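Data first, discussion second: the structure below is written as structure tokens.
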Amino acid sequence: MKAKKVLFITTEIAPFVTENDHSLMGRVLPQSIQDCGHEIRTFSPKWGTINERRNQLHEVIRLSGMNLIIDETDHPLIIKVASLPSARMQIYFIDNDDYFMKRGILTDKEGKEYTDNGERAIFYARGVLETVKKLGWTPDIIHCYGWAAALAPLYIKRAYNDEPSFRDTKVVMEVSPKEFNLDLGVDNARLVEYKGVKYDDIKDICATSYGHTELEKIGVKFSDGVIIEKPEVDASIVDYAKTLGLPVLAPVEGGDFKQAYSDFYETL
């Protein structure tokens, strides 16, 4: 097996956020792939619930400083980093006052789902890709995991396809069970436009609704392979991947998922 460079764009990672199935997978998966002999880089949004002092996050000045324009508004991109010494891992965090600081992952303090989760996904995906460019790192595989990472494949294939860092990269979308129920609205979907990305690229998916399922279908559409995290994943997403003729890895239960995932990368 040839060692690969694998970039993980995750939605949440324990122990930086509360432990749940998703955050634990976000923590274990990169380490497991690293243990298989691959070189990794891992990104997460810097959710407002993350305690920077306790987790020893610090800003990386040389990577921060640019603005990302979404809906004609400038949003400063801030990059922070922290280490997990026990796992020999460094985690890069994408931060911004408007989208992440003092805000939870899916809902506010009253339990209301955020109406701008689509914009947050846009900022996160573009922020990761701009940071990887600055790092001068060229991944062989980009593994996108969860709703917040679901727009990254679209931008990789349409906006960054000529960038040396991503030109020959294979993209994997790992889809997960539904995490939020709110329809973000078709107008929100139009905000994805940037460089080579046009609304027409995703109109077939979100012409009538735009929520968790549609976000992950967009991720699937622009990926080279799809991993189904659990049997509870929306069946329409699985069916959609199959209609596109994409390689699909079924949920790995009771087995060695790290070897299954590593082997799946080799098929792309």
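This is a predicted model, so every value here is computed, not measured. Sequence positions, counted from 1, serve as the residue numbers for this chain.
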Review point. At what distance, to the nearest 0.5 angstrom, does CD1 of Ile156 lie from CG of Leu151?
Key: 11.0 Å
Check your understanding: In this structure, are over 12 heavy atoms from other groups packed under 6.0 Å from Asp239 atom CG?
Key -> yes
Point to revise | Phe222-Tyr199 co-clustered via ILVMFWY side chain contacts under 4.5 Å | key: yes
Review point. Is the His22 ring parallel, tilted or perpendicular to the Tyr145 ring (thresholds 30°, 60°)?
Key: parallel
Practice item. Drop me the distance from Ser176's OG to Glu232's CD, to the nearest 0.5 angstrom. Key: 11.0 Å
Check your understanding: Do Trp137 and Phe8 belong together in a cluster built from hydrophobic side chains that touch within less than 4.5 Å?
Key -> yes
Review point. Taking the side chain from Ser23 and the backbone from Thr18, do they hold a donor-acceptor pair closer than 3.5 Å?
Key: yes
**Study point:** Which atom of Leu77 lies closest to which atom of Ile94, heavy atoms considered
**Key:** CD1-CG2, 3.8 Å
**Study point:** side-chain contact (heavy atoms from CB on, under 4.5 Å) assessment of Arg41 paired with Lys5
**Key:** CA-CA 8 Å; Arg41 295 287 187 278; Lys5 295 179 180 179; over 6 Å; no
**Study point:** Pairwise side-chain contact, Asp98 with Phe123, heavy-atom cut-off 4.5 Å (strictly under)
**Key:** no
**Study point:** Worked check of salt bridge (charged side-chain N to carboxylate O under 4.0 Å, His left out) between Asp116 and Arg103
**Key:** CA-CA 12 Å; Asp116 64 348; Arg103 299 181 65 187; 2.8 Å; yes
Point to revise | Side-chain donor-acceptor contact under 3.5 Å, Thr73 with Asp71 | key: no
Review point. Can you tell if the side chain of Cys206 reaches within under 4.5 Å of the side chain of Lys217, non-hydrogen atoms only?
Key: no
Review point. Quick one: CG on Leu184 to OG on Ser209, what's the gap to the nearest 0.5 Å?
Key: 10.0 Å
Check your understanding: Hey, quick one: are Leu135 and Ile78 part of the same hydrophobic cluster, counting side-chain heavy atoms closer than 4.5 Å, chains of contacts allowed?
Key -> no
Check your understanding: Do Val81 and Leu57 share a hydrophobic cluster (ILVMFWY, side-chain heavy atoms under 4.5 Å, transitive)?
Key -> yes
Check your understanding: Is there a side-chain contact between Ile91 and Thr10 (heavy atoms, below 4.5 Å)?
Key -> no
Practice item. Show the numbers, then the answer: is there a side-chain contact (heavy atoms from CB on, under 4.5 Å) between Lys112 and Thr107? Key: CA-CA 5 Å; Lys112 294 181 180 178; Thr107 64; 5.8 Å; no
Practice item. With the side chain counted from C-beta on, respond yes when Val175 and Ile228 share a heavy-atom pair under 4.5 Å apart, and no when they do not. Key: yes
Study note, to complete from the structure: Between Arg126 and Tyr160 the two heavy atoms that sit nearest each other are O-OH, 3.9 Å
Review point. If only atom types and distance count, is the side chain of Ser262 paired as donor or acceptor with the main-chain N or O of Lys258 below 3.5 Å?
Key: no
Exercise for review: Could you tell me whether Arg120 sits above the aromatic face of Tyr99, with NZ or CZ closer than 6.0 angstrom to the six-membered ring centre and within 45 degrees of the axis?
Suggested key: no
Review point. Just by modelled atom types, is the His143 backbone N or O under 3.5 Å from a matching donor or acceptor in the Glu174 side chain?
Key: no
Point to revise | Smallest separation among heavy atoms of Gly146 and Met173, with atom names | key: O-CE, 3.7 Å
Exercise for review: Drop me the distance from Thr138's OG1 to Phe166's CZ, to the nearest 0.5 angstrom.
Suggested key: 8.5 Å
Check your understanding: With a 4.5 Å limit on heavy-atom distance, are the side chains of Glu12 and Ile105 in contact?
Key -> yes
Check your understanding: Within the distance-only criterion (no hydrogens, no angle test), does the side chain of Asp183 pair as donor or acceptor with the backbone N or O of Tyr210 below 3.5 angstrom?
Key -> yes
Point to revise | Backbone N/O of Pro76 and side chain of Asn96: donor-acceptor pair under 3.5 Å | key: yes
Review point. Less than 4.0 Å between a side-chain N and a carboxylate O, is that true for Arg27 and Glu19?
Key: no
Check your understanding: Hey, are the side chains of Phe257 and Phe264 touching, using non-hydrogen atoms and a 4.5 Å cut-off?
Key -> no
Check your understanding: Heavy-atom count around Lys230 NZ within 6.0 Å, excluding the residue itself: above 12?
Key -> yes
**Study point:** From OG1 (Thr243) to CG (Leu246), nearest 0.5 Å
**Key:** 8.0 Å
Review point. Side chains of Thr11 and Tyr124: does their closest heavy-atom pair fall under 4.5 Å?
Key: no
Check your understanding: Can you tell me if Arg167 uses its side chain to pair, donor with acceptor, with the backbone of Asn161 under 3.5 Å?
Key -> no
Review point. Are the charged groups of Lys157 and Asp201 less than 4.0 angstrom apart, N to O?
Key: no
Practice item. Decide yes or no on side-chain contact (heavy atoms from CB on, under 4.5 Å) for Val60 and Arg62, but give the supporting numbers first. Key: CA-CA 6 Å; Val60 185; Arg62 69 182 180 87; 3.9 Å; yes
Revision key, fill the gap. In terms of heavy-atom contacts, Thr169 and Asp224 come closest through O-OD2, 4.0 Å
**Study point:** Heavy-atom donor-acceptor pair, Asp97 side chain to Met101 backbone, under 3.5 Å
**Key:** no
Review point. Is the cationic atom of Lys170 (NZ for Lys, CZ for Arg) positioned less than 6.0 Å from the six-membered ring centroid of Tyr265 and within 45 degrees of its normal?
Key: no
**Study point:** Joint hydrophobic cluster, Leu244 plus Leu249, side-chain heavy atoms closer than 4.5 Å
**Key:** yes
Point to revise | Phe100/Phe93 aromatic ring centres below 6.0 Å | key: no
Review point. Are Glu130 and Lys133 ion-paired here, with the side-chain N under 4.0 Å from a carboxylate O?
Key: yes
Check your understanding: Hey, are Lys203 and Asp200 close enough for a salt bridge, meaning a charged N less than 4.0 Å from a carboxylate O?
Key -> yes
Revision key, fill the gap. Closest non-hydrogen atoms of Asn55 and Pro15, given as atom of the first, atom of the second and distance, are OD1-O, 4.3 Å
Review point. Do NZ/NE/NH1/NH2 and the carboxylate oxygens of Asp35 and Arg88 come within less than 4.0 Å?
Key: yes
Review point. To the nearest 0.5 Å, how far apart are NZ in Lys221 and CD1 in Ile205?
Key: 5.0 Å
Review point. Looking at side-chain heavy atoms only, is the closest gap between Asp95 and Ser64 below 4.5 Å?
Key: no
Check your understanding: What is the minimum heavy-atom distance between Val132 and Pro139, and which atoms define it?
Key -> CG1-CD, 4.3 Å
Exercise for review: Begin with the C-alpha distance, continue with both residues' side-chain angles, and end with the deciding distance and a verdict on side-chain contact (heavy atoms from CB on, under 4.5 Å) for Val17 and Ile50.
Suggested key: CA-CA 6 Å; Val17 299; Ile50 295 174; 3.8 Å; yes
Review point. Ignoring hydrogens and geometry, is there a side-chain-to-backbone donor-acceptor pair from Tyr114 to Leu106 under 3.5 Å?
Key: no
